[in-house]
Protein chains: 2
Amino acid sequence: MTGPAQSGSRRKPQERALRRKEALVEAAVTLLGEGGFTAVTHRAVAERAGIPLAATSYYFTSRDELVARAFAVLVERDLRLMRASLTEEAGIGSLVELAQTLLHAYASDRGRQLGLWELYLQAGREPELQDIARSWTDGWHDIVRTLLERAGYACGASEVRFLATLVSGLWLELLVEDRPGSLDRAGEMVARALRAISA
Amino acid sequence: MTGPAQSGSRRKPQERALRRKEALVEAAVTLLGEGGFTAVTHRAVAERAGIPLAATSYYFTSRDELVARAFAVLVERDLRLMRASLTEEAGIGSLVELAQTLLHAYASDRGRQLGLWELYLQAGREPELQDIARSWTDGWHDIVRTLLERAGYACGASEVRFLATLVSGLWLELLVEDRPGSLDRAGEMVARALRAISA
DNA sequence: ACAAAAACGGTACGCTCGTCCCACTTTAGT
DNA sequence: ACTAAAGTGGGACGAGCGTACCGTTTTTGT
């Protein structure tokens, strides 16, 4: 029942337990990408992680907590991945190309991205997810900021928001309806936004 | 079981049946707004519509079909509402004010909007919903186009996409995380986008 | 060594879900 | 008037769900 693992701990948690808990979150993340929010069930997660069913209730007091944890991990990982591909390719080509690289990287991981947006949207209904959703937005804005700074653009908070929001919209539309030529048009729009900022 | 109501109909459907089917869709729309995608169950819909459970299976071959129908209705209604508030207020103030009016109207119907986006996102996984999702985007673009034309802006397909996508992103962010001052910042960004277009 | 706490895992409860079955009533074409 | 189709609705089935129970094993502080 109520797992004493994460509540009032009078002893330090064991190492294997931490690994198992991590494995559960990992399985939840995978399942979220494969089948969306509804696919993340206790049984599916347990089976995917190779761990008995009861363990999921032991490590997480509820399914919501497990989902929230998966959301947080997914956001963190997403931001890290974005930062990584950003530092790698900096200075190679134009910002537009970089944006396309980012968008392309996302398209290769469609299921995971859909799951992430799904959880983001869920945050609109469940206050417990709000903070994570905001941290995603904030992190993304930070990335856009450093990107603009590095390229020598003027970037107050307003400019950053402008570009970040546009790319988010672009990216979501690209993800849901993948129409032919969307990528090119996306690049075109980013270019237009950059012109608007530099002016 | 398999309802012969919508398949090979050798007789014309009865009027009461049509009303009931409509009532079911209406209930589904409401429930979607209240509790999101997962709240639209056969039982909940039937109860809300004041109709026995079995009827939901009679009129719709599956839950997915019911949800898809609700999605279509929601999109159509949403576009109509937007067009309406658009013709009403045209010429009153600036485009920025108009955008704020639109965004404000949406905020007043938060649950419904969240449900709509939820279904839009779901379209990324279920091909049956793709067409509806695209018709939403297309309809929205049309609205932005007439809006721009009326205000005397140059509006090729590129300009329309630019503004429409930006506002979509704005709008979603406003909906999920409602941070203080978001509305003002949204107006600011729309103004910037319009400057970018007119230039 | 020994208790206490943590970890473990098989199992079961209670519930809700989508869907189906089937007997019944109403409607409409002839 | 008759008959076949359409409509109706109570009930049930099987599956999957979140979660709790509880005896067992392992770890840990003393």
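Just so you know, these numbers use all the heavy atoms, side chains as well, and skip hydrogens, waters and symmetry mates.
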For this session: State which residues pass ring pair (Phe, Tyr, Trp, His ring centres under 6.0 Å) with B:Phe162; sequence neighbours excluded, sorted by chain then number.
Result: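 B:Phe162: no ring pair (Phe, Tyr, Trp, His ring centres under 6.0 Å) contacts found.
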Exercise. Does B:Phe71 have any ring pair (Phe, Tyr, Trp, His ring centres under 6.0 Å) partners at least two apart in sequence or in another chain, and if so, which?
Worked result: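 None.
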For this session: Output all residues satisfying side-chain hydrogen bond (donor to acceptor under 3.5 Å, both in side chains) with A:Asp178, sequence neighbours left out; order by chain, then residue number.
Result: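 Applying side-chain hydrogen bond (donor to acceptor under 3.5 Å, both in side chains) to A:Asp178 gives none.
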Nearest whole Å is fine: how far is [N] [atom2] from [X] [atom1]?
| X | N | atom1 | atom2 | value |
| --- | --- | --- | --- | --- |
| A:Lys21 | C:dG9 | NZ | C1' | 18 Å |
| B:Tyr59 | C:dT19 | OH | C1' | 17 Å |
| A:Arg19 | C:dA7 | CZ | P | 13 Å |
| A:Arg63 | C:dC15 | CZ | C1' | 15 Å |
| A:Leu18 | D:dT26 | CG | P | 19 Å |
| A:Glu65 | D:dT19 | CD | C1' | 14 Å |
| B:Phe60 | D:dG7 | CZ | P | 13 Å |
| B:Ile51 | D:dG10 | CD1 | P | 12 Å |

For this session: Assess the pair B:Trp117 and A:Trp117: is the distance between their ring centroids shorter than 6.0 Å?
Result: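 B:Trp117 vs A:Trp117: aromatic centres not under 6.0 Å.
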Exercise. Near DNA chain C, under 4.0 Å by heavy atom, which residues of residues 34-46 of chain B?
Worked result: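 Per residue number, the list reads B:Val40, B:Thr41, B:His42, B:Arg43.
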Side chains of residues 35-49 of chain B: which donor-acceptor pairs under 3.5 Å do they make with residues two or more places apart or in other chains?
from    : atom 1 : to      : atom 2 : distance (Å)
B:Thr41 : OG1    : B:Ala44 : N      : 3.1
B:Arg48 : NH1    : B:Glu34 : OE2    : 3.0
B:Arg48 : NH2    : B:Glu34 : OE1    : 3.1

Problem set entry | Any residue meeting side chain to side chain contact (heavy atoms under 4.5 Å, CB included) with A:Glu26, in chain and number order, not counting sequence neighbours |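 Listed in chain order: A:Arg77.
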Exercise. Side chains of B:Thr137 and A:Glu173: is there a donor and an acceptor less than 3.5 Å apart?
Worked result: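 Per modelled atom types, B:Thr137 and A:Glu173 side chains form no pair under 3.5 Å.
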Problem set entry | Nucleotide nearest A:Leu53 when distance is taken to its side chain, options C:dT19, C:dA7, C:dT11 |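 Nearest to the side-chain atoms of A:Leu53, counting from C-beta on, is C:dT11.
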For this session: Return the nearest nucleotide to the side chain of B:Ala54; candidates are C:dT19, C:dC20, D:dT8.
Result: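 The nucleotide sitting nearest to the side chain is C:dC20.
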Exercise. Taking OP1 and OP2 of D:dT8, is either one under 4.0 Å from a side-chain nitrogen or oxygen of B:Tyr58?
Worked result: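 For D:dT8, OP1/OP2 do not have a side-chain N/O of B:Tyr58 under 4.0 Å.
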For this session: Answer yes or no: does a side-chain N or O of A:Arg16 lie under 4.0 Å from OP1 or OP2 of D:dT26?
Result: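 A:Arg16 to D:dT26 OP1/OP2: no side-chain N or O under 4.0 Å.
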For this session: Let me know, please, whether B:Arg20 or A:Ser62 comes out on the 5' side of the other along DNA chain D by nearest nucleotide.
Result: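 First, find each residue's nearest nucleotide; the 5'-ward one identifies B:Arg20.
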